[in-house]
Structure formats: structure tokens, C-alpha cells
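Below is one structure, written out as C-alpha cells; the observations come after it.
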Amino acid sequence: MHELAHLHFADADASYEDARYAVFGVPYDGTTSFRPGTRFGPRAIREVSFNFESYDPATKIDFSEVPITDLGDLAVSRLPEDLVGQVADVAGDIVRDNKVPVILGGEHTATVGAVRAVRPDVYIVCDAHLDLRDELDGTPYSHGCVTRRVLEAVEDVVVIGARSGDREQFEIAAERTHLYTADTVRERGIGAVLREVREHVAGRRIYLSIDADAIDCCLTPGLGTPEPFGMTPLDIREVVRALAPYAVGFDYVEVAPFDSGQTAAVAAQMVREFIARHWVAGR
């Protein structure tokens, strides 16, 4: 297994052999198109994870009893296409060892590699942006091309919370994805949206990706590409709680920790929510 240097996520102290969940960070923001800083996201998420009690009252589990390991951060390549390959290699090892990869980001480009390794039936992403460009700033592996690249590997894609993209991207989304915009979530309610999504994915393997900017930037401003009028942290928590039982891989990406810590705190809690709900469902 790959050996990576690190500060570990709270309660992630199981050996790799014993672990069910393998956390690793991807401190990369090489294709950032507005504001850099997501390379510092994995560390910020880990640091704030020690703020929380190990007991989760909602599921009645104690994280100290859940077998989690933290492999640390990738020594990332500068080239985004190489980064995708690095993530695919590590996530592939984790999956082959019958463990669940949990990725901390870092820009969204990492997700492409993880999806290629996990090979889910359905890809579900919460994101302010459609990320359906074929190329951005000279590379098809930009953070603005993630969902377009995923569509080359996974035909069934669900996007929740989007509110930004050019005309072509919205046309592609209408034709090739199941799209629930941020306005749809607000008008219908996250519960109604998730009931529909759960019916769609029942019995199938999903990869769940949360881009931090799915949340309204007025609530969690530590973002590289902030967008207002988005989802709430509670909406994201409901997504994670509802879909974690179906997931074979998870990431929380695009945390740029130059706020007062609220964006990383939400990310750390969502990692905990994912692991708790997945663990309980598996038992």
C-alpha cells in the first residue's frame, strides 16, 4: 500500500489492515481559475476534526470504535492529468483491499481519478458549478471539467445544487444528467429531492462527491469559486445521511480555509456523517 506522510483525521487510528475506511488527502489547486488555496483544505479539515466529540448521538456510535485509517496526503504532481492517475492508483488499492476511500480536498479534479478507480453505477455530486466544460485553461482535467470527464466513465450522473455554468453546459446537463439546481432544492425541499434520488439509486453502487461550494458562500466562505444563493449545511447533511448507505466512495473537496474555519468544520462533520451512516447501514 502507498505510504504517505501526514497529520491524521481524528479517531482514524486503526491499522490499514484492520480499517474499513481509508482517508487520504489531495492538497492540490493547480488548475484553480479564481482564487487559490484549496491545497490547504485537507490539513484544515483534519485539524478541526479534533474539535468534535468521538460519540455521534444521531447514530449512537463512537468513532473510536469504527475502524478508520488515515493514509495522509498525496505528494501531488503539478500536472492535473498526472494527479488524476495518482488518485486512481491510491483509490484503486483501497477498493481492491475491500475498503472505502474517503478523500479530502483539494480541488475537484481529484474526483476524476477516484471515480475511475471505484467504477460506480451512479455518480452523485453536490456542486455550485456544472463542471461540464470539455476544456478550461488548456486542460481537459481542470476543476471546471470534472463532471464532463466523469461522464466518460459513468453514464448515470446526478447533480444537486448547481447554479452556475454557461448555456452549453446547461444544455448538456439537461440531456445527460439528472439535474436538481439550487433553486429546485429550495422550491421542492431537500427531502423531496432525496426521496426521488434514493428511488433512482436503490440497489446500485454510487460515488458521492461534495464540492464545498454547493453551500451558499455566505454561510461557508472558504471557497476558491464562491457562489451565493446555494444550499445550506443542513441540506448537505441530509444528502450525506440519505446516500451514504449506497456509497462505495466519498469525497469532500474544494475547501479553501481562509475563512474563520467554518468551511473546514462543515467538511469534517460531513466526513464523520458519511462514515457513521455507512457504518451503521453496513452493520
Side-chain angles (χ1 to χ4, degrees), residues 1-26 41-74 87 90-106 110-111 114 117-118 120 124 126 194 198 201 204-210 212 233-234 236-253 255 261 263-283:
M1 184 58 212
H2 297 261
E3 293 292 336
L4 312 173
H6 66 298
L7 158 76
H8 71 81
F9 194 87
D11 297 307
D13 52 8
S15 68
Y16 180 76
E17 290 72 23
D18 294 337
R20 175 66 176 134
Y21 304 94
V23 177
F24 69 97
V26 185
R43 182 175 185 88
I45 295 168
R46 289 186 177 101
E47 286 178 345
V48 76
S49 72
F50 286 89
N51 177 59
F52 307 120
E53 296 283 355
S54 62
Y55 180 69
D56 176 45
T59 56
K60 298 181 172 59
I61 70 166
D62 196 296
F63 284 96
S64 64
E65 300 168 354
V66 180
I68 310 166
T69 194
D70 188 336
L71 303 175
D73 285 348
L74 284 175
V87 174
V90 176
D93 286 348
I94 292 168
V95 171
R96 281 188 291 273
D97 290 334
N98 197 33
K99 305 177 194 303
V100 179
V102 176
I103 300 172
L104 313 177
T111 300
V118 172
I124 300 178
C126 294
L194 288 172
R198 287 180 71 172
V201 304
R204 304 165 75 195
R205 302 165 65 256
I206 74 167
Y207 185 95
L208 178 59
S209 178
I210 308 294
L234 285 171
I236 296 297
R237 188 178 74 171
E238 291 308 304
V239 170
V240 174
R241 286 182 169 183
L243 300 178
Y246 305 96
V248 290
F250 175 75
D251 64 56
Y252 201 107
V253 298
V255 174
T263 308
V266 170
Q269 277 287 35
M270 291 307 101
V271 170
R272 286 160 50 91
E273 288 280 353
F274 172 80
I275 291 172
R277 297 291 167 157
H278 191 277
W279 179 251
V280 168
R283 289 194 309 181

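Since we're looking at a predicted model, the values are computed, not measured.
Residues Tyr207 and Thr111 are in side-chain contact: their nearest non-hydrogen atoms beyond the backbone lie under 4.5 Å apart. Phe50 is listed as a side-chain neighbour of His8, based on a closest heavy-atom distance under 4.5 Å. Residues Ile206 and Pro120 are not in side-chain contact: their nearest non-hydrogen atoms beyond the backbone lie 4.5 Å or more apart.
Counted by atom type alone, Ser209 and Asp251 present one or more donor-acceptor pairs between their side chains at under 3.5 Å.
Applying the side-chain contact (heavy atoms from CB on, under 4.5 Å) test to Asp56 and every residue at least two apart in sequence or in another chain returns Ala58, Thr59, Ile61, Phe63, Ala276.
Within a 6.0 Å sphere centred on CD of Glu65, heavy atoms belonging to other residues, nucleotides or ligands number more than 12. Other residues, nucleotides and ligands contribute at most 12 non-hydrogen atoms within 6.0 Å of the CZ atom of Arg43.
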Review point. Given the rule in the side-chain contact (heavy atoms from CB on, under 4.5 Å) test, do Val100 and Phe274 qualify, once you have shown the distances and angles that lead to the verdict?
Key: CA-CA 11 Å; Val100 179; Phe274 172 80; 4.0 Å; yes
Practice item. In sequence, state the C-alpha distance, the side-chain angles, and the governing distance for Ile94 and Phe24, and then conclude on side-chain contact (heavy atoms from CB on, under 4.5 Å). Key: CA-CA 10 Å; Ile94 292 168; Phe24 69 97; 3.7 Å; yes
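Only one option out of Leu71, Ile45, Thr69, Ile68 pairs with Val23 in a side chain to side chain contact (heavy atoms under 4.5 Å, CB included); it is Ile68.
Distance alone, capped at 3.5 Å, places no donor-acceptor pair between the Arg272 side chain and the Ser49 backbone. The backbone N or O of Val248 lies less than 3.5 Å from no partner atom in the side chain of Arg205, so there is not a single donor-acceptor pair.
The six-membered or imidazole ring of His278 lies away from that of Phe250, with a centre-to-centre distance of 6.0 Å or more.
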